[in-house]
Amino acid sequence: MGKRLAGALLPLALSAAIIWAVGLVPRMEQRGFGQRDGVAVFSGDKPAVLSDANLVDWLSALPGQLELKHAEWDGNTLLLDYRADAKEMPEDRLYGAVTELVIAGLAGTENVNRLRIRVFDPYAAPGDRRMLVLALEAGREAFEAGAYEAWLDGVWTPERWLFRHFRMTGPKR
C-alpha cells in the first residue's frame, strides 16, 4: 500500500514542482534575468526599444493611412516603403500621414537614429509603375535639436514642418 501511495504522489509532487518553477520565470525577468531584446511595444510610459523581436508589433501599431509594403531595420536605421494612390490622396493628408510616421519613429522609439520613408504610387502613368511620390530622411539629431518642439508648438503645417526640418524629395511639393 505504501509503494502505491508513493507511486501516486510522485507525479503530483513533480507537477507541483514544475508549476512552481514556471511561476519563477516572470519574477526572474523582473530582476534582470532572461531575454533582453527589447521592451514591450505597447507600454504607454516610455518609448519602445525596437528589435527584431518586436518590430512587427511596433509596425502594426503605427497610424494606418498609408499601405506599408516593405520595412527594413538594421539596428539604428528604419526604412519604410509605403504605397499610396497620389490621385486619390490629397497632399495635406499624405504629409499628415508622413508626419505621424516621423513622430512615431523618432519620439516613439529610443533606438531609431535615422528614419527613411518612401511613398510610391503603383497607379502612375504606364511605363512608370512605381513612381516615387515622396522620400524623406529624418535623423534623431534634427528631431531632438528643435524639430519636435517646433511641431508641438502647432504653428507648422505638416508639409512645411517636414520640408523645414528634414530632407524631402519627390514631385509632391
Side-chain angles (χ1 to χ4, degrees), residues 25-86 88-123 130-170 172:
V25 173
R27 284 183 273 170
M28 290 176 66
E29 286 181 359
Q30 290 170 356
R31 292 183 186 141
F33 299 104
Q35 189 174 1
R36 292 179 173 227
D37 285 338
V39 298
V41 174
F42 301 107
S43 65
D45 322 44
K46 60 183 183 176
V49 176
L50 285 189
S51 68
D52 291 337
N54 69 358
L55 180 62
V56 173
D57 292 333
W58 186 83
L59 288 170
S60 68
L62 287 178
Q65 294 185 32
L66 300 172
E67 182 182 349
L68 180 65
K69 295 311 282 179
H70 178 78
E72 286 183 34
W73 168 246
D74 76 356
N76 68 356
T77 300
L78 181 61
L79 171 65
L80 302 173
D81 285 344
Y82 286 91
R83 185 172 97 166
D85 186 348
E88 297 294 320
M89 179 176 264
E91 283 188 22
D92 60 333
R93 197 169 123 214
L94 175 67
Y95 288 119
V98 172
T99 298
E100 289 177 349
L101 293 170
V102 169
I103 292 170
L106 297 174
T109 66
E110 289 183 3
N111 60 333
V112 173
N113 294 325
R114 180 129 342 263
L115 178 63
R116 293 183 176 140
I117 299 172
R118 299 183 298 188
V119 179
F120 296 96
D121 183 356
Y123 308 108
R130 288 181 42 104
M131 181 184 91
L132 181 67
V133 176
L134 68 82
L136 170 129
E137 184 168 336
R140 182 169 295 281
E141 64 280 348
F143 188 75
E144 291 177 349
Y148 190 48
E149 289 79 18
W151 177 252
L152 293 175
D153 288 343
V155 296
W156 299 91
T157 64
E159 179 182 5
R160 288 183 44 88
W161 181 74
L162 290 169
F163 276 102
R164 168 103 165 104
H165 294 284
F166 308 109
R167 284 188 16 195
M168 290 276 296
T169 58
K172 284 261 189 198

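Predicted model only: the values in this text are computed from it and were never measured.
- Rounded to the nearest 0.5 Å, atoms CG (Leu66) and CZ (Phe120) are 12.5 Å apart.
- Closest approach of Arg114 and Glu141 over heavy atoms only: NH2-OE2, 3.1 Å.
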Task: Residue pair Asp85, Asp121: steps toward the side chain to side chain contact (heavy atoms under 4.5 Å, CB included) verdict - done: CA-CA 5 Å; Asp85 186 348; Asp121 183 356; 4.1 Å; yes
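- Separation of atoms CG (Leu115) and CG (Leu136) is listed at 6.5 Å; rounding is to 0.5 Å.
- Within the 3.5 Å criterion, the main-chain N or O of Asn76 finds a donor-acceptor partner in the side chain of Asp74.
- With rounding to the nearest 0.5 angstrom, the CG atom of Leu101 is 10.0 Å from the CG atom of Leu162.
- Side-chain contact check for Trp161 versus Tyr95: every heavy-atom pair is 4.5 Å or farther apart.
- By the 30° and 60° cut-offs, the orientation of the rings of His165 relative to Trp156 is perpendicular.
- Counting only heavy atoms from C-beta outward, the side chains of Glu72 and Asp81 never approach each other to under 4.5 Å.
- Residues Val119 and Ala84 share a closest heavy-atom pair of CG1-CB, 3.8 Å.
- Using a 4.5 Å heavy-atom threshold, the side chains of Leu106 and Tyr148 count as separate.
- The nearest pair of heavy atoms linking Phe166 to Ala142 is CE2-CB, 4.3 Å.
- The heavy-atom pair separating Leu55 from Leu50 by the smallest distance is CD1-CD1, 4.0 Å.
- Atom CG of Leu68 and atom CZ of Arg83 lie 11.5 Å apart (nearest 0.5 Å).
- Using a 4.5 Å cut-off on side-chain heavy atoms (C-beta onward), Val112 and Arg140 make contact.
- With contacts defined as side-chain heavy-atom distances shorter than 4.5 Å, the pair Leu94/Tyr82 does not qualify.
- One distance of note links CG of Leu80 with CG of Leu62; it measures 7.0 Å at 0.5 Å rounding.
- Once rounded to the nearest 0.5 Å, the distance linking CZ of Arg116 with CZ of Arg167 reads 7.5 Å.
- When all heavy atoms of Ala48 and Trp58 are compared, the closest pair comes out as CB-CD1, 4.2 Å.
- Closest approach of Ser51 and Asn54 over heavy atoms only: N-OD1, 2.7 Å.
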